[in-house]
Enquirer: 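One structure, as structure tokens, below. Some questions next.
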Amino acid sequence: MQGRNFLRSAVLTVLVAQNLAHGDPAGAPPGRITPFDIEAHRGGRALRPENTLPSFANALSMGVDTLELDMGVTRDGVIIVSHERGLNPDLARAADGHYISPPGIPYVRLTLAQVKQYDVGRIRPGSVYALRFPDQLAVPGTRIPTLAEVIALVRRSGDRHVRLNIETKIDPTHPDESPDPEHFVAAVLDLLRRERFSDRVMIESFDWRTLQRVQKQAPGVPTVYLSQQAAPDANVYPDKPSPWTAGFDPRNYGGSVARAIKAAGGTIWSPFYGDVDRRSVAEAHALGLPVVVWTVNDPQDMARLIDMGVDGMISDRPDVLRAQAASKGIPLPPPFRVSP
């Protein structure tokens with residue numbers, strides 16, 4: 001997508017392309033401004049080990065619009081796929097079969113070769129995480145993939161429709177655990193250009209500083225502004241400035257997160273699903289911002305949010321989301337069966 005200009009205030013081009021791929025001439029239904037986006041959160045972590053080739057292969061084989069995933073950077077500058085900024089003690093087992101001790105090791109202190117030594121194919125038994133996802137199929141021997149390996153899997157699947165929604169895992173309150181925004185964004189964009197995959201990605205982040213850099217360096221890549229207003233993990237605050245929002249304080253926009261994101265030049269607003277209602281969704285749509293909520297796993301919540309007019313959902317249960325979307329008459333993305 002390099003060298004092409006897209007109007008960020010218009011309907012997201014890459015999502016409109018989805019409509020054509022589905023052969024749906026009617027376009028987005030009333031209440032939505034883009035075709036509905038079914039996103040597999042971390043590949044669908046309720047079903048397979050999160051952020052791994054088995055989870056992404058399972059989602060592709062099921063049929064999704066978007067693979068949602070997270071990125072870190074190793075000491076030797078390789079983009080890897082992981083939700084945490086370091087090895088997760090509830091997921092990572094060393095060669096001796098033992099899970100690592102908390103708090104884990106930041107990836108910026110490990111080379112890719114060192115990261116690949118750990119098995120992340122089974123949740124630590126008895127952990128809170130294991131209790132949350134009792135149906136996840138363990139895949140022992142699974143390693144943390146690189147972003148390039150995920151792109152190769154997508155190409156091997158033959159799915160020309162699916163996109164990647166890739167998150168920069170960076171925390172302004174822990175700057176020592178990841179590259180700074182400038183170097184993080186440069187590494188990601190360089191990989192996407194080398195892979196010639198820029199036209200099939202969106203870049204998301206809670207740290208809006210990274211999204212500002214993406215918009216300046218790769219204006220054709222859609223930016224997805226993540227937000228959470230609920231404590232304790234809020235990145236948008238009602239009563240003080242936030243280090244996460246790159247100076248775009250919603251208090252300066254009538255308390256509206258959507259208006260702050262519009263002012264920041266964002267393409268999509270991706271809020272915690274509990275933070276939105278019909279009014280906020282309508283306001284975002286009036287501003288030309290699609291709304292893709294996270295992380296929705298309950299079927300009743302899915303149905304309610306579809307009726308509310310959200311433009312997509314990120315879910316640990318893409319299978320359940322597909323079923324709910326189908327019940328609402330939403331066209332489903334086709335499956336592309338592929339092995340990890």
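None of the values given here were measured: they were computed from a predicted structure. All values below were derived from every heavy atom in this structure, side-chain atoms included, with hydrogens, water molecules and symmetry-related copies excluded.
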Enquirer: Does L189 reach the side chain of V185, with side-chain heavy atoms less than 4.5 Å apart?
Expert: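 Yes. Closest side-chain heavy atoms under 4.5 Å.
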
Enquirer: Would you indicate whether the side-chain heavy atoms of S315 and E39 approach each other to under 4.5 Å?
Expert: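 Result no, sub-4.5 Å side-chain heavy-atom pair not found.
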
Enquirer: Yes or no on side chain to side chain contact (heavy atoms under 4.5 Å, CB included) for Q228 and W244, after CA distance, side-chain angles and deciding distance?
Expert: CA-CA 11 Å; Q228 181 168 358; W244 297 86; over 6 Å; no

Enquirer: According to side-chain hydrogen bond (donor to acceptor under 3.5 Å, both in side chains), who are the partners of T142, at least two apart in sequence or on a separate chain?
Expert: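 Checked T142 against side-chain hydrogen bond (donor to acceptor under 3.5 Å, both in side chains); zero matches.
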
Enquirer: So L47 and L137, do their side chains get closer than 4.5 Å, heavy atoms only?
Expert: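 A side-chain contact is absent here, since even the closest heavy-atom pair is not under 4.5 Å.
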
Enquirer: Would you find a donor on one side and an acceptor on the other, under 3.5 Å apart, between the side chain of R93 and the backbone of I100?
Expert: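 A pair under 3.5 Å: no.
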
Enquirer: What closest approach, in Å, do D249 and P241 show between heavy atoms, and which atom pair accounts for it?
Expert: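 Scanning both residues, the minimum pair turns out to be OD2-CA, 3.8 Å.
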
Enquirer: Identify whether the distance between the nearest side-chain nitrogen and carboxylate oxygen of R304 and D301 falls below 4.0 Å.
Expert: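 D301 and R304: salt-bridged.
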
Enquirer: Would you call E149 and K116 a salt bridge, taking side-chain N to carboxylate O under 4.0 Å as the test?
Expert: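 Counted as a salt bridge, because a side-chain N and a carboxylate O are separated by less than 4.0 Å.
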
Enquirer: Starting at OG of S61, measure out to CZ of F56 and round the result to the nearest 0.5 Å.
Expert: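 Between S61 OG and F56 CZ, I get 13.0 Å after rounding to 0.5 Å.
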
Enquirer: So which heavy atom on P175 is nearest to which on T173, and how close?
Expert: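 Shortest heavy-atom separation between P175 and T173 comes out as CD-C, 3.4 Å.
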
Enquirer: Counting distance only, does the side-chain N/O of Y99 pair as donor-acceptor with the main-chain N or O of I123 below 3.5 Å?
Expert: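 Yes, Y99 side chain to I123 backbone: donor-acceptor pair under 3.5 Å.
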
Enquirer: Any idea which heavy atoms bring V162 and V64 closest together, and the distance?
Expert: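 Closest heavy-atom pair between V162 and V64: CG2-O, 3.7 Å.
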
Enquirer: Is it true that a side-chain atom of R143 and a backbone atom of Q117 form a donor plus acceptor pair closer than 3.5 Å?
Expert: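 Yes.
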
Enquirer: If every non-hydrogen atom of P340 is compared with every non-hydrogen atom of A57, which pair is closest and at what distance?
Expert: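 Closest approach of P340 to A57: N-CB, 3.8 Å.
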
Enquirer: For a side chain to side chain contact (heavy atoms under 4.5 Å, CB included) check, start with the C-alpha distance between L321 and V296, then their side-chain angles and the critical distance, and finish with the verdict.
Expert: CA-CA 8 Å; L321 181 53; V296 190; over 6 Å; no

Enquirer: Quick test of your reading: applying salt bridge (charged side-chain N to carboxylate O under 4.0 Å, His left out), list the pairs with at least one residue in residues 230-244, sequence neighbours left out, ordered by first then second residue.
Expert: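 Non-adjacent pairs meeting salt bridge (charged side-chain N to carboxylate O under 4.0 Å, His left out): zero.
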
Enquirer: Side-chain contact, heavy-atom cut-off 4.5 Å: V292 with V310?
Expert: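 A side-chain contact is absent here, since even the closest heavy-atom pair is not under 4.5 Å.
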
Enquirer: Distance check, rounded to the nearest 0.5 Å: F133 atom CZ versus D316 atom CG?
Expert: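 Answer for the CZ-CG pair, F133 versus D316, is 4.0 Å.
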
Enquirer: Out of curiosity, M71 CE to S178 OG, how far, rounded to the nearest 0.5 Å?
Expert: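 M71 CE to S178 OG: 11.5 Å, rounded to 0.5 Å.
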
Enquirer: Are the charged groups of E195 and R155 less than 4.0 angstrom apart, N to O?
Expert: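 Salt bridge flag = yes for R155 with E195.
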
Enquirer: Nearest heavy-atom pair of I170 and P172: which atoms, and what distance?
Expert: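 So the minimum-distance heavy-atom pair works out to O-CD, 4.0 Å.
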
Enquirer: If you look only at pairs with a residue in residues 324-340, which of them pass as a side chain to side chain donor-acceptor pair (under 3.5 Å), with sequence neighbours excluded?
Expert: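 Applying side chain to side chain donor-acceptor pair (under 3.5 Å) to every pair that reaches into residues 324-340, excluding sequence neighbours, yields D307-K328.
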
Enquirer: Could you tell me whether a side-chain N or O of D65 sits under 3.5 Å from a main-chain N or O of R163, the two making a donor and an acceptor?
Expert: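 Here the side-chain-to-backbone pair does not exist.
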
Enquirer: Compare all side-chain heavy atoms of V214 with those of T210 and state whether any distance is below 4.5 angstrom.
Expert: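 No - every pair of side-chain heavy atoms lies 4.5 Å or more apart.
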
Enquirer: How far does CZ of R85 sit from OG1 of T168, to the nearest 0.5 angstrom?
Expert: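 Between R85 CZ and T168 OG1, I get 11.0 Å after rounding to 0.5 Å.
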
Enquirer: Strictly by salt bridge (charged side-chain N to carboxylate O under 4.0 Å, His left out), give each pair with a member in residues 121-138 just once, sequence neighbours left out.
Expert: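 For residues 121-138, and leaving out neighbouring residues, the salt bridge (charged side-chain N to carboxylate O under 4.0 Å, His left out) pairs sorted by first residue read D90-R124.
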
Enquirer: Side chains of D311 and H285: any donor to acceptor distance under 3.5 Å?
Expert: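 Their side chains do contain a donor-acceptor pair, which is all the 3.5 Å distance test asks for.
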
Enquirer: Does the side chain of E204 come under 3.5 Å of the side chain of S270 through a donor N or O and an acceptor N or O?
Expert: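 The criterion, which ignores hydrogens and geometry beyond distance, is not satisfied for S270 and E204.
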
Enquirer: Looking only at the side chains, is there a donor atom on one of S205 and E167 sitting less than 3.5 Å from an acceptor on the other?
Expert: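 Their side chains do not contain a donor-acceptor pair, so the 3.5 Å distance test is not met.
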
Enquirer: For the residue pair D159 / S157, report whether a side-chain donor-acceptor contact shorter than 3.5 Å exists.
Expert: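 Per modelled atom types, S157 and D159 side chains form no pair under 3.5 Å.
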
Enquirer: For residues G266 and Y225, report the shortest heavy-atom separation together with the two atoms involved.
Expert: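 In this case the closest contact between G266 and Y225 is CA-CE1, 3.2 Å.
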
Enquirer: Is it true that a side-chain atom of R259 and a backbone atom of N252 form a donor plus acceptor pair closer than 3.5 Å?
Expert: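 Here the side-chain-to-backbone pair does not exist.
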
Enquirer: Pair I306, R32 - check side chain to side chain contact (heavy atoms under 4.5 Å, CB included), show working.
Expert: CA-CA 9 Å; I306 290 173; R32 286 191 289 275; 3.9 Å; yes

Enquirer: Give, for atom NZ of K216 and atom CD of E182, the distance between the pair rounded to the nearest 0.5 Å.
Expert: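 Interatomic distance, K216 NZ to E182 CD, rounded to 0.5 Å: 10.5 Å.
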
Enquirer: Which residues pass the salt bridge (Lys or Arg N to Asp or Glu O under 4.0 Å) test with R213, sequence neighbours left out?
Expert: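 Once residues adjacent in sequence are excluded, R213 has no partner under the salt bridge (Lys or Arg N to Asp or Glu O under 4.0 Å) criterion.
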
Enquirer: When the side chains of residues 106-113 are checked against the rest of the protein, which donor-acceptor pairs come out under 3.5 Å, sequence neighbours left out?
Expert:
from: Y107; atom 1: OH; to: S82; atom 2: OG; distance (Å): 2.8
from: Y107; atom 1: OH; to: G86; atom 2: O; distance (Å): 3.4
from: T111; atom 1: OG1; to: Q114; atom 2: N; distance (Å): 3.2
from: T111; atom 1: OG1; to: Q114; atom 2: OE1; distance (Å): 3.4

Enquirer: Would you check if V154 and R200 make a side-chain contact, meaning some heavy-atom pair closer than 4.5 Å?
Expert: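 Yes. Closest side-chain heavy atoms under 4.5 Å.
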
Enquirer: Are the side chain of E68 and the backbone N or O of L164 linked by a donor-acceptor pair below 3.5 Å?
Expert: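 No, because the side chain of E68 does not come within donor-acceptor range (under 3.5 Å) of the backbone of L164.
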
Enquirer: With hydrophobic residues grouped by side-chain heavy-atom distances under 4.5 Å, do V120 and L69 end up in a single group?
Expert: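 No.
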
Enquirer: Can you see whether T66 engages N165 through a side-chain donor-acceptor pair at a distance of less than 3.5 angstrom?
Expert: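 Distance-only check fails for T66 and N165.
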
Enquirer: Would a distance-only check, ignoring hydrogens and angles, find a side-chain to backbone donor-acceptor pair under 3.5 Å from Q215 to A264?
Expert: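 Answer holds: yes.
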
Enquirer: Hey, is the main chain of I79 close enough, under 3.5 Å, to the side chain of T146 for a donor-acceptor pair?
Expert: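 Judged by distance alone, no pair lies under 3.5 Å.
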
Enquirer: Run the ring-centre check on F206 versus W294 and record whether the distance is less than 6.0 Å.
Expert: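 Between W294 and F206, which both carry aromatic rings, the centre distance is below 6.0 Å.
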
Enquirer: Is there a donor-acceptor contact under 3.5 Å linking the side chains of R42 and H83?
Expert: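 Note: R42 and H83 side chains meet the donor-acceptor criterion.
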
Enquirer: Do N58 and S55 get their side chains close enough for a donor-acceptor pair, meaning under 3.5 Å?
Expert: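 No pair is found: no donor N or O on one side chain lies under 3.5 Å from an acceptor on the other.
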
Enquirer: Using a 3.5 Å distance criterion without hydrogens, assess whether the side chain of D119 forms a donor-acceptor pair with backbone atoms of G141.
Expert: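 Such a contact is found between D119 side chain and G141 backbone.
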
Enquirer: Examine distances only and state if a side-chain atom of R48 and a backbone atom of L53 form a donor-acceptor pair shorter than 3.5 Å.
Expert: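 Not confirmed, R48 side chain does not pair with L53 backbone.
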
